[in-house]
> 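Once you've had a glance at the structure underneath, I'll fire off some questions.
None of these values were measured; they are calculated from a predicted model. Convention: sequence-line order gives letters A, B, ...; per-chain numbering from 1.
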There are 2 protein chains.
Amino acid sequence: MNKPEPPPKQATRIQKKNRRAILEAALQVFSAHGFRGSTIDRIAERAGLSKPNLLYYFPSKDAFYLAVLEDTLEEWLRPLRDLDPAGDPIVEIGGYIAAKLEMSRTRPEASRLFANEILHGAPAIGEFLAGPLKALVDDKAAVIAAWIAEGRIRAIDPRHLIMMIWAVTQHYADFNVQVEAVLGDDAAPARRFKEARATVIAVVLEGLRPRH
Amino acid sequence: MNKPEPPPKQATRIQKKNRRAILEAALQVFSAHGFRGSTIDRIAERAGLSKPNLLYYFPSKDAFYLAVLEDTLEEWLRPLRDLDPAGDPIVEIGGYIAAKLEMSRTRPEASRLFANEILHGAPAIGEFLAGPLKALVDDKAAVIAAWIAEGRIRAIDPRHLIMMIWAVTQHYADFNVQVEAVLGDDAAPARRFKEARATVIAVVLEGLRPRH
DNA sequence: GCCAAACTTGACTGATTGGTCAAAATCAAC
DNA sequence: GTTGATTTTGACCAATCAGTCAAGTTTGGC
């Protein structure tokens, strides 16, 4: 009925090492070229393995892709999960922006992987978006709404605020080529991210701080 | 030496009609599937022509792609060009945000076409970004810097402000699937864009307005 | 050292797809 | 309507690429 599935009971040492290498290589290749633009051969080359060997660990190209997405999703959402309802709104939201920007700087491939997936209609993670992700956003939007109700930040639509923050922070990863081209490469990346953080945090937080 | 290039002197009636149909079809297909994910056959089908017929009008797949990009670029940048140095900063920037959001709503394919191109390193329009686009941004950043110098808006990095506005407005086109999934499809698109505009304009403009 | 399980690979297949070409159909000017 | 230029297409080619397979090599427990 079913094939003897590579990991029958426990992952062996070699399996662990190779799966890790494959997922890392797949992330690099998929994020750089998109799903259709990536080839198994290229991932194999990058992972230092042969193509049939990759297909020994994962049954198909789709399987690589799905595995990489799953592997990266949790990490990607952690900053939002960490938004603390008990904290100070300005500190929490500022910290969230900083954390997302930092992630865009250190792990741009992950951002680009999702960007490409969603840009093309999220064929692989559509249900995830409408399910767990929506749930998380609803949850955190409620937190923000509570802050508004307490008069601690100005009254704006919390879910669109979250969209704004995603948009701005991920922009620096997804469209890095454009950012570099437009800003000039005279500014080192680290410096550029500092400027970005200062600007984004200044505008958004000042836009949220209530007038008295 | 060179092939007899389809348009020898003047574009004929049929040429005009078919070129237009091809570019429109190519925009739809390229923006939906990316360059690698698109096939000439698919563009042909959408344009109501045969594949060899498409290749009679453009010499290669790259040529379609380049033509569509060029065809769309000017329109895409117009709102920024229209930013008026003589106007009121809050009105001008608010208007710019509204115009970009409106464009994301009415022409999301154009936005996704560029998003995909830039996401993958802007192989086709790299020099454009570093040339004319940078020049335009530098120009408008100077306008904003002047407003800051006059104390009419708060002191933030003008070029990162432009990045922010691009990021937020284009997000609603590029990642529309995610926005819909997360916000729930109960809200009609038109309504969603109104909410987005209200939120973005409120946060950004309030973040820019000088304190007294 | 032996052996079964785990791992690896060269050589292949079939489907897709960018692009060609020669012949056919259509158009436009007279 | 004749004719030359323009437009259209079916059939084809070559390259690319996902996935297979049977035969090899390595590993790990004994």
> Restricting both atoms to N or O, compile the protein contacts to nucleotides 24-30 of chain C shorter than 3.5 Å, with distance only.
unit_1	atom_1	unit_2	atom_2	d
C:dA28	OP1	B:R13	NH2	2.6

> Enumerate the protein-to-nucleotides 12-18 of chain D contacts in which both atoms are nitrogen or oxygen and the separation is below 3.5 Å.
unit_1	atom_1	unit_2	atom_2	d
D:dC17	OP1	B:R36	NH2	3.3
D:dA18	OP1	A:S38	O	3.2
D:dA18	OP1	A:K61	NZ	3.2
D:dA18	OP2	A:I40	N	3.0
D:dA18	N7	A:K51	NZ	2.9

> What is the distance, to the nearest angstrom, from the NZ atom on A:K17 to the C1' atom on C:dA6?
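After rounding, the gap between these two atoms is 13 Å.
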
> Are A:L161 and A:I93 side-chain neighbours, meaning at least one heavy-atom pair lies under 4.5 Å?
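The answer is yes; the side chains approach within 4.5 Å.
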
> Is the shortest side-chain N/O distance from B:Y56 to OP1 or OP2 of D:dT7 below 4.0 Å?
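Yes.
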
> For D:dT8 and B:N18 - does any side-chain N or O of the residue sit under 4.0 Å from the phosphate oxygens OP1/OP2?
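Yes, B:N18 has a side-chain N/O under 4.0 Å of OP1/OP2 on D:dT8.
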
> What I'd like to find out is whether the side chain of A:H160 reaches to under 4.5 Å of the side chain of B:R192, using heavy atoms alone.
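A:H160 vs B:R192: side chains touch.
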
> Taking only side-chain nitrogens and oxygens of A:Q15, does any of them come within less than 4.0 Å of OP1 or OP2 of C:dA6?
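The answer is no; no side-chain N or O of A:Q15 sits under 4.0 Å from OP1 or OP2.
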
> Give me each pair satisfying salt bridge (Lys or Arg N to Asp or Glu O under 4.0 Å) with a member in residues 159-179 of chain A, each pair once, sequence neighbours excluded.
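Pairs touching residues 159-179 of chain A that pass the test: A:D138-A:R159.
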
> I'd like to check the side chain to side chain donor-acceptor pair (under 3.5 Å) partners of A:R197; sequence neighbours left out, ordered by chain and number.
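A:R197 satisfies side chain to side chain donor-acceptor pair (under 3.5 Å) with no residue once adjacent residues are dropped.
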
> Just the rounded figure in Å: distance from C1' of C:dA11 to CG of A:N53.
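So the two atoms are 16 Å apart, to the nearest Å.
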
> What is the distance, rounded to the nearest whole Å, between atom CD of B:E45 and atom P of C:dG18?
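From B:E45 CD to C:dG18 P: 14 Å.
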
> Could you tell me the separation between the NZ atom of B:K16 and the C1' atom of D:dT6, rounded to a whole number of Å?
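In whole Å, D:dT6 C1' lies 16 Å from B:K16 NZ.
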
> Out of curiosity, A:F64 CZ to A:F30 CZ, how far, rounded to the nearest 0.5 Å?
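The CZ atom of A:F64 sits 7.5 Å away from the CZ atom of A:F30.
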
> Is the terminal nitrogen or CZ of B:R19 (NZ for Lys, CZ for Arg) located under 6.0 angstrom from the six-membered ring centre of B:F58 and within 45° of that ring's axis?
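Because its charged atom sits under 6.0 Å from the ring centre and within 45° of the axis, B:R19 does stack over B:F58.
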
> May I have the list of side-chain donor-acceptor pairs in residues 117-130 of chain A shorter than 3.5 Å, sequence neighbours left out?
unit_1	atom_1	unit_2	atom_2	d
A:E117	OE1	A:Y65	OH	2.7
A:E117	OE2	A:A124	N	2.7
A:E117	OE2	A:I125	N	3.0
A:H120	ND1	A:N116	O	2.9
A:H120	NE2	B:G34	N	3.3
A:H120	NE2	B:N116	OD1	3.4

> Could you tell me which residues satisfy salt bridge (Lys or Arg N to Asp or Glu O under 4.0 Å) with B:E45, sequence neighbours excluded, listed by chain and number?
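In terms of salt bridge (Lys or Arg N to Asp or Glu O under 4.0 Å), with neighbours along the sequence ignored, B:E45 is linked to no residue.
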
